[in-house]
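Only one structure is covered here, and it is reproduced in the block below.
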Amino acid sequence: MKVTLSEPLLNLQEVSLAFGGLQAVEQVSFEVAKGAIKAVIGPNGAGKTTLFTLVTGFLAPQRGRIIFQGAAIQGRPAHRIAWQGIARTFQLVQLFDHMTVLENVMVGRHRLSRSGLLAGALQFPWTRTEEKVIRSKAMEALEFVGLENRAGQPAAILPLGLKRMLEIARALASAPTLLLLDEPASGLDAVETERLKDLILALKNQGLTLLLVEHDMGLTMEVADDIAVLNYGKLIADGPPRAIQKNPEVIAAYLGTDWQG
């Protein structure tokens with residue numbers, strides 16, 4: 001069922017970015033409703049990951065506006081955007097392999113910490129209390145993704161499927177309002193993908209808003225409320241999965257005539 005609310009959580013307005021002569025994103029506009037799962041699909045090089053990078057502040061658009069919770073955030077530094085409540089995972093898993101599973105998630109929680117480096121080093125009583133809270137919240141995130149029994153293990157020894165779950169847990173530990181998942185099913189087998197689908201839907205049921213880039217169309221069509229389709233940096237379609245599956249331009253550019261929705 002499509003989610004329709006009067007005020008979107010995220011609103012992209014004619015967002016554009018070029019690298020030299022390459023127009024990576026060109027006047028892209030779409031909305032993400034509060035509590036919804038919005039998917040962004042398209043062929044390789046369509047601008048999907050670049051769009052994520054713009055939303056999270058690692059790049060600034062050359063034109064256009066990115067409105068989050070009613071305020072323009074384009075051009076703000078990435079750490080400030082993260083502090084405002086936007087978290088993401090990456091197409092290529094980015095973990096601290098030398099740290100434990102729990103420590104990786106605690107890193108995600110530290111954005112909410114009041115303690116600086118000096119206060120932490122001096123071990124003030126209030127910093128120790130805060131560290132206990134961070135550890136507790138990190139364990140809650142691990143329990144949510146089913147990794148609580150792996151908390152003390154090095155992140156490096158986890159198989160890919162569990163590393164992706166760990167990266168999601170780390171993002172969740174930061175208590176985001178909007179979670180961006182960049183190809184979370186990449187490299188997963190059918191069982192792991194089904195588990196991921198259940199997790200994504202569970203996050204939505206808890207009220208989290210998600211923006212998803214994914215090439216697994218079976219997964220995307222099952223979880224998404226709305227889908228935006230990019231091709232050569234341009235938005236060519238935006239709507240519910242059923243309409244996207246029947247869109248001739250989307251079929252020609254990405255899904256192909258053999259797609260069975």
Measure the CZ-CG distance between Phe19 and Leu59 for me, rounded to the nearest 0.5 Å.
5.0 Å

Do Arg63 and Glu14 come close enough that some side-chain heavy atom pair is under 4.5 Å?
no

Locate the shortest heavy-atom distance separating Ala39 from Ala224; write the atom from each residue and the value.
CB-CB, 3.9 Å

Would a 4.5 Å heavy-atom cut-off, applied to side chains only, mark Asn11 and Gln13 as touching?
yes

Candidates Ile227, Val223, Ile41 - the one meeting side chain to side chain contact (heavy atoms under 4.5 Å, CB included) with Leu212
Val223

Backbone N/O of Lys34 and side chain of Thr209: donor-acceptor pair under 3.5 Å
no

What are the two closest heavy atoms between Asp226 and Pro240, and how far apart are they?
OD1-N, 3.3 Å

Student check: side-chain heavy atoms of Met99 and Val107 closer than 4.5 Å:
yes

Non-hydrogen side-chain atoms of Gln245 and Val250 separated by less than 4.5 Å:
no

To check you understand the geometry: which heavy-atom pair defines the closest contact between Ala169 and Leu142, and what is its length?
CB-CD2, 4.2 Å

With a 3.5 Å distance limit and no angle check, can you tell me whether Lys48 reaches the backbone of Gly42 through a side-chain donor-acceptor pair?
yes

Which of these passes side chain to side chain contact (heavy atoms under 4.5 Å, CB included) with Val40: Leu211, Asp238, Val229, Val28?
Leu211

For residues 183-193, which side-chain donor-acceptor pairs fall under 3.5 Å, sequence neighbours excluded?
{"residue": "Glu183", "atom": "OE2", "partner": "His215", "partner atom": "NE2", "Å": "3.4"}
{"residue": "Asp189", "atom": "OD1", "partner": "Val191", "partner atom": "N", "Å": "3.1"}
{"residue": "Asp189", "atom": "OD1", "partner": "Glu192", "partner atom": "N", "Å": "2.7"}
{"residue": "Glu192", "atom": "OE1", "partner": "Asp189", "partner atom": "N", "Å": "3.0"}
{"residue": "Thr193", "atom": "OG1", "partner": "Asp189", "partner atom": "O", "Å": "2.9"}

Say whether, by atom type as modelled, one donor and one acceptor occur between the side chain of Arg195 and the main chain of Val145 under 3.5 angstrom.
yes

Quick check on Lys163: does its NZ atom have over 12 non-hydrogen neighbours (other residues, nucleotides or ligands) under 6.0 Å away?
yes

One should read off an interatomic distance between Ile157 CD1 and Arg150 CZ, to the nearest 0.5 angstrom, of 6.5 Å

Are Leu255 and Ile236 linked, directly or through other ILVMFWY residues, by side chains that come within less than 4.5 angstrom of each other?
yes

How long is the straight-line distance from NZ of Lys197 back to CD of Glu222, given to the nearest 0.5 Å?
4.0 Å

Verify the cluster assignment for Val93 and Val101: are they in a single hydrophobic cluster under the rule of side-chain heavy atoms below 4.5 Å apart?
yes

As a quick check of understanding, evaluate side-chain contact (heavy atoms from CB on, under 4.5 Å) for Ile168 and Leu196, giving each step before the final call.
CA-CA 10 Å; Ile168 292 173; Leu196 174 65; 3.9 Å; yes

Out of curiosity, does Leu160 fall in the hydrophobic cluster containing Leu166 (side-chain heavy atoms, cut-off under 4.5 Å, transitive links)?
yes

Is the shortest side-chain heavy-atom distance between Pro159 and Leu162 below 4.5 Å?
yes

Candidates Thr50, Ile66, Leu235 - the one meeting side chain to side chain contact (heavy atoms under 4.5 Å, CB included) with Val15
Ile66

Do Phe68 and Thr177 make a side-chain contact, defined as non-hydrogen atoms from C-beta onward lying under 4.5 Å apart?
yes

Looking at Phe96 and Ala155, what are the two nearest heavy atoms and their distance?
O-CB, 3.8 Å

Spatial distance of atom CG (Leu199) from atom CG (Leu172) [nearest 0.5 Å]:
7.0 Å

Sidechain-backbone polar pair: Glu214 side chain, Asp216 backbone, donor-acceptor under 3.5 Å
yes

Heavy-atom nearest pair, Asn231 first then Pro43, reads OD1-CG, 3.3 Å

Which atoms form the tightest heavy-atom contact between Pro176 and Leu208, and what is the distance?
O-CD1, 3.2 Å

Between atom CG of Leu95 and atom CG of Asn104, what is the distance when rounded to the nearest 0.5 Å?
5.0 Å

Can Leu201 be reached from Leu179 by stepping across I, L, V, M, F, W or Y side chains whose heavy atoms are under 4.5 Å apart?
yes

Give every residue pair that meets the salt bridge (charged side-chain N to carboxylate O under 4.0 Å, His left out) criterion with at least one member in residues 68-97, sequence neighbours excluded.
Arg88-Asp182

Begin with the C-alpha distance, continue with both residues' side-chain angles, and end with the deciding distance and a verdict on side-chain contact (heavy atoms from CB on, under 4.5 Å) for Phe52 and Gln91.
CA-CA 11 Å; Phe52 268 28; Gln91 183 178 347; over 6 Å; no

Inter-residue atom distance Gln74.CD - Leu12.CG, 0.5 Å rounding
9.5 Å

When you group the ILVMFWY residues by side-chain heavy-atom contacts below 4.5 Å and let the links chain together, are Phe90 and Leu54 in the same group?
no

Just wondering, are more than 12 heavy atoms of other shown residues or ligands nearer than 6.0 Å to CZ in Phe144?
yes

